[in-house]
4 protein chains.
Amino acid sequence: MASSLPLNPRKNPQQARSEGLVAAILEAAAQVLAEEGAARFTTARVAERAGVSVGSLYQYFPNKAAILFRLQVNEWQRTSSMMRRIVEDLSKPAHDRIRELVQVFIHSECEEAAMRVALSDAAPLYRDTQETRVFRRAGRETIRQYIAGALPASVPADAQTTAAEMIRLTLTSAGKRFSESPRTQDEITRCAEAMADMFIAYIDALEQRHNTGSGQA
Amino acid sequence: MASSLPLNPRKNPQQARSEGLVAAILEAAAQVLAEEGAARFTTARVAERAGVSVGSLYQYFPNKAAILFRLQVNEWQRTSSMMRRIVEDLSKPAHDRIRELVQVFIHSECEEAAMRVALSDAAPLYRDTQETRVFRRAGRETIRQYIAGALPASVPADAQTTAAEMIRLTLTSAGKRFSESPRTQDEITRCAEAMADMFIAYIDALEQRHNTGSGQA
Amino acid sequence: MASSLPLNPRKNPQQARSEGLVAAILEAAAQVLAEEGAARFTTARVAERAGVSVGSLYQYFPNKAAILFRLQVNEWQRTSSMMRRIVEDLSKPAHDRIRELVQVFIHSECEEAAMRVALSDAAPLYRDTQETRVFRRAGRETIRQYIAGALPASVPADAQTTAAEMIRLTLTSAGKRFSESPRTQDEITRCAEAMADMFIAYIDALEQRHNTGSGQA
Amino acid sequence: MASSLPLNPRKNPQQARSEGLVAAILEAAAQVLAEEGAARFTTARVAERAGVSVGSLYQYFPNKAAILFRLQVNEWQRTSSMMRRIVEDLSKPAHDRIRELVQVFIHSECEEAAMRVALSDAAPLYRDTQETRVFRRAGRETIRQYIAGALPASVPADAQTTAAEMIRLTLTSAGKRFSESPRTQDEITRCAEAMADMFIAYIDALEQRHNTGSGQA
DNA sequence: GATGAATGAGTATTCATTCAT
DNA sequence: TATGAATGAATACTCATTCAT
């Protein structure tokens, strides 16, 4: 569809004031999204919420999609750095890192669920963009590598890639879907446990298949 | 949000004519969705495509959301009956049934992907309805039971429920996500294979855990 | 610039009601143009003036430019048929027909001057369209032929074409420019007289040049 | 309409710096007009192009219209001085001076056509001003006198005025209209020739009418 | 003087839904 | 029953101009 909307910030927020405004707008945008939903996410509402004129809003964002895109990028970065922290902690055994990864990820998905769901609802507005595609692809790659980093080294590279990709796909998509309904802390923990169980069983089976001499596969 | 839109058909399609019209409208709706996307899915376009006046359209559907809802229900029913067929074929061992379930499901998700993605994009329009919630819950339950039906009987009931739910969640959400990008037949098959591997490893581990006498858990 | 706006009427006004609405909208448009000027010519104002909702307006015209285009076409047709009537009245000598043509044209240009000036001001909105170009070219051609029809037959074809084109250009552009300022009837008549004098002198000179045997040219 | 916008420069450009800035702004304005058209002629774009802040722009011009007005005045002055040079060259016979006048004027109109057309498109913005009216009236007068200066002295004063005014009106309006379409050098020359033919025939006829003793008029 | 961030009124266009015919 | 004309609220985005720094 609209695959060429420019999502780049209009000006580099060089000055503290600018950065503050951008932050205020993004904060307001997140609130509007969470409280009013994607359908009522309008530039006017965001500007009003941010205590800024629409004109100012458009000085920092070229269009509505760009605001949503920035919100999404921020989410991705948060997720990504969170994962990196866990995965790079080599003091823990692989299984524990996987378990922690899943727990932290699912819990984090369930935080600010309203906003995240609304952001997903609005995805059609910023999804079909070169920029988004590039960003998303890069994010996918990064996360897959983090996951691969927690897999046993004995698994051959291509099997590792496949498995990491399946785990990434499951983690992110099932995590998102799970977080769409309101959940208690207990439910969240149990869901993450089951998912980690599944991942670990999968990894162990993979390891076994490749370890056992001439292997069965 | 808009949780009280009536999605029920306005009249019981008693006459053949009515049924034909409803079918024509739904067919047209699916086409519009697939070819124009959710953003351009308008009642006027659907009516025109169906060769019907908007007025008539509104005689069979109380509002736009109801059309989308019906489309979604049809998808759910198709999926559900497809699963039932596989799961009830007791001539095959459980593992095979799981593999087949996943293969068929993922392939089916990737068919008519354009329409299904657009239908998902439009979900905010019909999602927050009592009716949808009821239907979805029932569908979830049914599918979970189908999956549970393919799990080994030795696993205790509650563990079985948890596992079936995790598999259902993964299958449907990762399947949907996977189908959002265009895929070759080969890619689809390999994704389904990996997913089935994961599920089977998960099930086997579960079985083992509960079989081994006093078990570790 | 915007060279691809569709200016075609959205629906054929088949019914009397439709025709009435289109006429009402065009009438209102002419009034808004005359009284408020091109800059304040908005679809909302036109609709209000016509006693119609904006929605209805957009059922009969695909966009603002189309309304202006229709107004312009009407002007062109009025001018064209007026010229034809004069030029086809063979009972009068050529000179008289030229004089009458000029008088009638200039007087007509000065009528509804406010609206016509505003319509010209708005020209950038509908000018750069395939449709307008086609229409304008056809109109130019027609008028040139009418003028050629009043020229003496002794002038060779190509000289006749050149002269008719120069007279057309002068008549229409100087007529338009002259009508931009408010004028008394007397001023208008005298301007038309002088212009006709010029045209007739031009035609006579042309005739003479081509009549005098080996001529000077 | 908006007949009271102040178009006067805000400050006398006493300093060299000021003059430079004014010139830079006008140059930038001409470029923006030529390259982007009247609709995209914004103060922001002009300022950016001129390498100046909007604030500075507003120090030298009270509003957007004033920039356009200055551009127009410059055009008028260029035209005017060009005409004066030709008309005051008494070494050439009147006919030749008329021919040259027309040729040079039409060619000059066709130069920078893009900018001139855009400047005309923007005319509604500066046209309805006391200042513009005064300037335009003065310009008209001057040009008419230049033209009168090339007419034969035997024609009585009032007839001369009428004729000069008709020629001025035709020259400027038809010239402008002609230049609105892209033209080859050859087309331009031939148009100017035909126009000069017309003017000379007109002048000769006038002369004859007034020379022939008791004359018919 | 110079800057450029902030303002906010203004506008074209769409679309779900109704209801007179 | 069927039609489709009519409605009008809603919304993204622009731009001339000001004024605090």
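Order of the sequence lines fixes the chain letters, A, B, ..., with proteins taken first and strands second; residue numbering starts at 1 for each chain.
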> Can you tell me the distance, in whole Å, between the OH atom of B:Tyr58 and the P atom of E:dC15?
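My rounded result for the distance is 12 Å.
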
> Which heavy atom of A:Leu21 sits nearest to which heavy atom of A:Val52, and what is that distance?
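Reported closest heavy-atom pair: CD2-CG2, 3.5 Å.
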
> Kindly give the heavy-atom pair with the smallest separation between D:Ala29 and D:Ile67, and that separation in Å.
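The answer is CB-CG2, 3.6 Å.
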
> D:Glu48: what forms a salt bridge (Lys or Arg N to Asp or Glu O under 4.0 Å) with it, not counting sequence neighbours?
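D:Glu48 satisfies salt bridge (Lys or Arg N to Asp or Glu O under 4.0 Å) with no other residue.
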
> Taking CD1 from A:Ile67 and C1' from F:dT11, how many angstroms apart are they, rounded to a whole number?
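Answer to the nearest Å: 13 Å.
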
> In this structure, how many angstroms lie between the P atom of F:dT3 and the CG atom of B:Leu21, rounded?
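So the two atoms are 8 Å apart, to the nearest Å.
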
> With sequence neighbours left out, what residues match C:Arg116 under salt bridge (Lys or Arg N to Asp or Glu O under 4.0 Å)?
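Per chain and number, C:Arg116 pairs via salt bridge (Lys or Arg N to Asp or Glu O under 4.0 Å) with C:Glu75, C:Glu109.
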
> I need the CZ-C1' distance between B:Phe41 and E:dC15, as an integer number of Å.
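Spelled out: CZ on B:Phe41 to C1' on E:dC15 is 13 Å.
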
> Does DNA chain E take part in any stems of at least 3 consecutive Watson-Crick or G-U pairs (both distances under 3.5 Å), and if so, which ones?
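When the pairs of DNA chain E are grouped into runs of at least three, the stems are E:2-21 with F:2-21.
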
> Between the main-chain N or O of C:Thr132 and the side-chain N or O of C:Thr129, is there a donor-acceptor pair closer than 3.5 Å?
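Absent.
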
> Apply ring pair (Phe, Tyr, Trp, His ring centres under 6.0 Å) to B:Phe135 and list each qualifying residue two or more places apart in sequence or on a separate chain.
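B:Phe69.
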
> Given atom CG of A:Leu125 and atom P of F:dT11, what is their separation to the nearest angstrom?
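Taking atom P of F:dT11 as the reference, CG of A:Leu125 is at 13 Å.
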
> Dump the pairs, protein N or O against N or O of nucleotides 7-10 of chain E, anything under 3.5 Å, distances to one decimal.
| residue | atom | partner | partner atom | Å |
| --- | --- | --- | --- | --- |
| E:dT7 | OP2 | A:Ser53 | N | 3.1 |
| E:dT7 | OP2 | A:Ser53 | OG | 3.0 |
| E:dT7 | OP2 | A:Ser56 | OG | 2.9 |
| E:dG8 | N7 | A:Gly55 | N | 3.3 |

> Rounded to whole angstroms, how far apart are CG on A:Asn63 and P on F:dC13?
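It works out to 5 Å between those atoms.
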
> Rounding to a whole Å, what distance do you find between C:Glu48:CD and E:dA12:P?
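To the nearest whole Å, that distance equals 14 Å.
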
> Under 3.5 Å, side chain of B:Arg49 to main-chain N/O of B:Gln31, donor-acceptor pair present?
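Judged by distance alone, no pair lies under 3.5 Å.
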
> Check side chain to side chain contact (heavy atoms under 4.5 Å, CB included) between A:Ser120 and all other residues, then give those that pass, not counting sequence neighbours.
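A:Ser120 satisfies side chain to side chain contact (heavy atoms under 4.5 Å, CB included) with A:Lys176 once adjacent residues are dropped.
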
> Taking CG from B:Leu68 and C1' from E:dA16, how many angstroms apart are they, rounded to a whole number?
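It is 13 Å, rounded to the nearest whole Å.
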
> Looking at every non-hydrogen atom in both residues, tell me the closest pair between C:Thr42 and C:Lys64 and how far apart they are.
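Heavy atoms of C:Thr42 and C:Lys64 come nearest at CA-CD, 4.5 Å.
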
> By nearest nucleotide on DNA chain F, pick out whichever of D:Lys64 and A:Ala44 is the more 5' one.
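Mapping each residue to its closest nucleotide by heavy atoms, the 5'-most match is A:Ala44.
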
